[in-house]
Undergrad: 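Here it is, the structure in full.
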Number of protein chains: 4
Amino acid sequence: MTQRLSAEERRQEIAEAVLRLAGQEGFHRLTTALIAKSIGVSEATLFRHFQDKQDIITAALRRFEELVMADFPPKEEHPLEALRAFFFQRIALIRKHPEIKSLAFNVQLLQIASEESAERISFCIGQMFQFIFSSLQQAQEQRMIASDLPLEVFLWSFLGVLRGYTDQIQAAPPTPQDEAYSKTLWLGLEQLLRRSK
Amino acid sequence: MTQRLSAEERRQEIAEAVLRLAGQEGFHRLTTALIAKSIGVSEATLFRHFQDKQDIITAALRRFEELVMADFPPKEEHPLEALRAFFFQRIALIRKHPEIKSLAFNVQLLQIASEESAERISFCIGQMFQFIFSSLQQAQEQRMIASDLPLEVFLWSFLGVLRGYTDQIQAAPPTPQDEAYSKTLWLGLEQLLRRSK
Amino acid sequence: MTQRLSAEERRQEIAEAVLRLAGQEGFHRLTTALIAKSIGVSEATLFRHFQDKQDIITAALRRFEELVMADFPPKEEHPLEALRAFFFQRIALIRKHPEIKSLAFNVQLLQIASEESAERISFCIGQMFQFIFSSLQQAQEQRMIASDLPLEVFLWSFLGVLRGYTDQIQAAPPTPQDEAYSKTLWLGLEQLLRRSK
Amino acid sequence: MTQRLSAEERRQEIAEAVLRLAGQEGFHRLTTALIAKSIGVSEATLFRHFQDKQDIITAALRRFEELVMADFPPKEEHPLEALRAFFFQRIALIRKHPEIKSLAFNVQLLQIASEESAERISFCIGQMFQFIFSSLQQAQEQRMIASDLPLEVFLWSFLGVLRGYTDQIQAAPPTPQDEAYSKTLWLGLEQLLRRSK
DNA sequence: GATGAATGAGATTTCATTCAT
DNA sequence: AATGAATGAAATCTCATTCAT
């Protein structure tokens, strides 16, 4: 028989398993059988801790939210510094939790979530957009980046680079080369933005 | 009873329905019952035209491939012109086929596809990356964009902007404002790249 | 398109196909799709010539009856001669129509037949038993075989040898060895019966 | 709700139900719905205990094998004694398990079995033939039965009588008359064989 | 006479969920 | 707290049969 855990520990374990499996296996294979098996408990156990599958997904999304919103928004005053901080925070997050990599920007996740849950996530994503958008706006106002180009170009470039890089992060712990590369990348991105002026 | 179509027409219709539904409803709701209902035929009809559900998905992905690879790669010599052409081609494609919007960059789709099918799609995506990458490389060599910044920064910025914009394209036909906006966006992106020099 | 046949020819063709397939493939694979394919017509064609699948089976069983009851019962007066004739008739029949080999004694066939059809076949089998039984009875009365042994022993021995041999007849045309062997077999069986006295 | 059984008991119950139904109803009616209904469980329960229908059939055939190979081959030294033992064992088996009567010699069963399963059964049947054949061979060598007649005549007579009799065994428990008759039958068969000398 | 397209009914299988222990 | 057994509902797939051409 499986080790007995406190209810709270078990809930956590299940939520994390879901996060991991959703990333690894995709949603159509995200069955209660698979979830249970992946942490070595019976399916019935899942339903002792959660009302139904929706409820499990919701818990997983809460966990996702927690991870994604930790230390958000960055404290830095200087807008490009704040973006820089966010950039590296995100990379660090994905390095620590590569399981959420493919979820991080994924709208599909919301399709299997409850309405309420989807709204919460949408709100988080909105917050993130808002933060990036207003940081870039300030940068424009403070003449750090071009003000004759549409803000969306900056917004989507920033997100594109962040996403492009995090998409290729591997499960393995980062090598010094990885660290160096991510720094170079940021510098490149920053230059791109700054030189637009 | 339903209108009778030739086998080929029916296959097409089914494949397109799948493409549409996969975008609209998400994969977990992509049941044979839903597919059949959406085009007003019986489930049995689906299996008259395809071996099994996998086979239906495969046909849908072929159609996707067709759409995505039409007129690819662009003929333009000048690298930034080629990228420009690609940019507008993609926007036009999504405007005409908004149903594939959420698939266009979506890896999830591949999780429900057959191995072979997934490989074909991966190959297409690879082609697209290759095209963008080498266009940007030429632009760098020809001193149109900075050569002291990592190419990935350009690559992901380009993709980020393209994706950011197409993600918000609506099903409705484009207004003159939409047209104007997409042009402005390209000009903005082009400036961003060019000024980096 | 397939060659057009007269209704009667087509009915024959279908009935024979069913007989062949039932032997080769077994009943659970005896689908209308397979029947149609095996003679190169569409399934719809089957239903132009027969009311339903039952009806097709019935026709096949009529054909079976025809084959099995041809020249039955043998004309010979002498009971062992009559049995001998029957023995070789059956072997010749299976050599000519190996497709009915596995049906010849098979009760399973009746489970998929209509009640009426099953009764007709049962009647034929009854006739055959009757013939063998009364031939042996006469042989007993005429002191050709032992009269202190139960007739069933003779009956089942006769049937056992006939069945054992026909079961191993191959589709290929008989070699001279085959012919010789079947004669030896009959002589053996006849001796077995006669010496019991 | 149904009585709860251990997995092993349920598997047994299902396998036996299949054996029973295959005999009673024929294979084309052997649906999972019928199997489930016959033991008063849901269809889903079948698939909790077996991978798929094939797997259920396989289990039934294992059970069949077990029954048929119990106490086989008989220990008796004397070849006709061994055959006698086998003869009565088989009759006792069919009396106890009349459900396997129509399977006992039935090749059709193999057509719905998995390849591996079919091979196992073929092997068992081969063993049985081998046993009967070599017993008769010894009997011939020891001059208990004629050595100028082909062995197959003896083999098939023996099998014919055994089969003929078991085919007509009813589900009801044997009456004293039944017992007496089967003894008479064996004596008759033994005489038939012995007097051939 | 023949067929390609279509389907209702049913067979097999999966999955989230309940229940007794 | 945990689980093994069980299941209803739904998903996938098959098959005999109909219909328009």
Undergrad: What about B:Arg4: does its side chain form a donor-acceptor pair under 3.5 Å with the base of E:dA5?
TA: yes

Undergrad: Could you give the CZ-to-P distance, from D:Arg48 to E:dT18, as a whole number of Å?
TA: 16 Å

Undergrad: Look at all strands and tell whether C:Ser6 reaches a base, only sugar-phosphate, or nothing, counting heavy atoms closer than 4.0 Å.
TA: nothing

Undergrad: Name the nucleic acid region contacted by C:Leu5, choosing base, sugar-phosphate or nothing; use a 4.0 angstrom heavy-atom cut-off, strictly under.
TA: sugar-phosphate

Undergrad: Round to the nearest Å and state the distance from B:Ile56 atom CD1 to F:dA11 atom P.
TA: 14 Å

Undergrad: Please tell me if C:Thr45 has a side-chain N or O lying less than 4.0 Å from either OP1 or OP2 of E:dA2.
TA: no

Undergrad: Can you check each nucleotide of nucleotides 10-17 of chain E against protein heavy atoms at under 4.0 Å and return B for base, S for sugar-phosphate only, - for none, in 5' to 3' order?
TA: -SBBBBBB

Undergrad: If the condition is side-chain contact (heavy atoms from CB on, under 4.5 Å), which residues does A:Thr32 pass it with, not counting sequence neighbours?
TA: A:Glu43, A:Leu46, A:Phe47, A:Lys53

Undergrad: Quick one: pull up OG in D:Ser122 and CD in D:Glu115 and give me the separation to the nearest 0.5 Å.
TA: 10.0 Å

Undergrad: How long is the gap from CZ on A:Phe50 to CD1 on A:Ile35, to the nearest 0.5 Å?
TA: 9.5 Å

Undergrad: C:Phe50 CZ to F:dT18 P: how many Å, rounded?
TA: 15 Å

Undergrad: What heavy-atom pair brings C:Ala17 and C:Ser38 nearest, and what distance separates the two atoms?
TA: CB-OG, 3.7 Å

Undergrad: What donor-acceptor contacts under 3.5 angstrom involve side-chain atoms of residues 55-62 of chain C, with partners at least two apart or in another chain?
TA:
unit_1: C:Asp55; atom_1: OD2; unit_2: C:Gln51; atom_2: N; d: 2.9
unit_1: C:Thr58; atom_1: OG1; unit_2: C:Gln54; atom_2: O; d: 2.9

Undergrad: Specify the closest pair of heavy atoms between A:Ala113 and A:Ala118, including all atoms of both residues, with the distance to one decimal.
TA: CB-N, 4.2 Å

Undergrad: If you round to the nearest 0.5 Å, how far is CZ of B:Phe64 from NE2 of B:His97?
TA: 11.5 Å

Undergrad: Should we count CD of C:Glu116 as having more than 12 external heavy atoms under 6.0 Å?
TA: no

Undergrad: Could you tell me whether the phosphate oxygens of E:dA6, OP1 or OP2, come under 4.0 Å of any side-chain nitrogen or oxygen in B:His49?
TA: yes

Undergrad: Under 3.5 Å for both distances, Watson-Crick or G-U wobble, that's the pair rule; now give the dot-bracket for DNA chain E, with | marking pairs to another strand and [ ] for crossing ones.
TA: .||||||||||||||||||||

Undergrad: If you look only at pairs with a residue in residues 8-23 of chain A, which of them pass as a side chain to side chain donor-acceptor pair (under 3.5 Å), with sequence neighbours excluded?
TA: A:Ser6-A:Glu9, A:Arg10-A:Glu13, A:Glu16-A:Arg63

Undergrad: Side chains of D:Gln24 and D:Glu99: does their closest heavy-atom pair fall under 4.5 Å?
TA: no

Undergrad: Are C:Leu30 and C:Glu25 close enough that some pair of their side-chain heavy atoms sits under 4.5 Å apart?
TA: no

Undergrad: Using a strict heavy-atom distance below 4.0 Å, which residues from residues 7-20 of chain A are in contact with DNA chain E?
TA: none

Undergrad: In whole angstrom, give the distance that lies between atom NZ of A:Lys37 and atom P of F:dT3.
TA: 15 Å

Undergrad: What is the distance, to the nearest angstrom, from the CG atom on B:Leu21 to the P atom on F:dA11?
TA: 14 Å

Undergrad: Rounded to the nearest angstrom, tell me the gap between atom CD in D:Gln3 and atom P in F:dA6.
TA: 9 Å

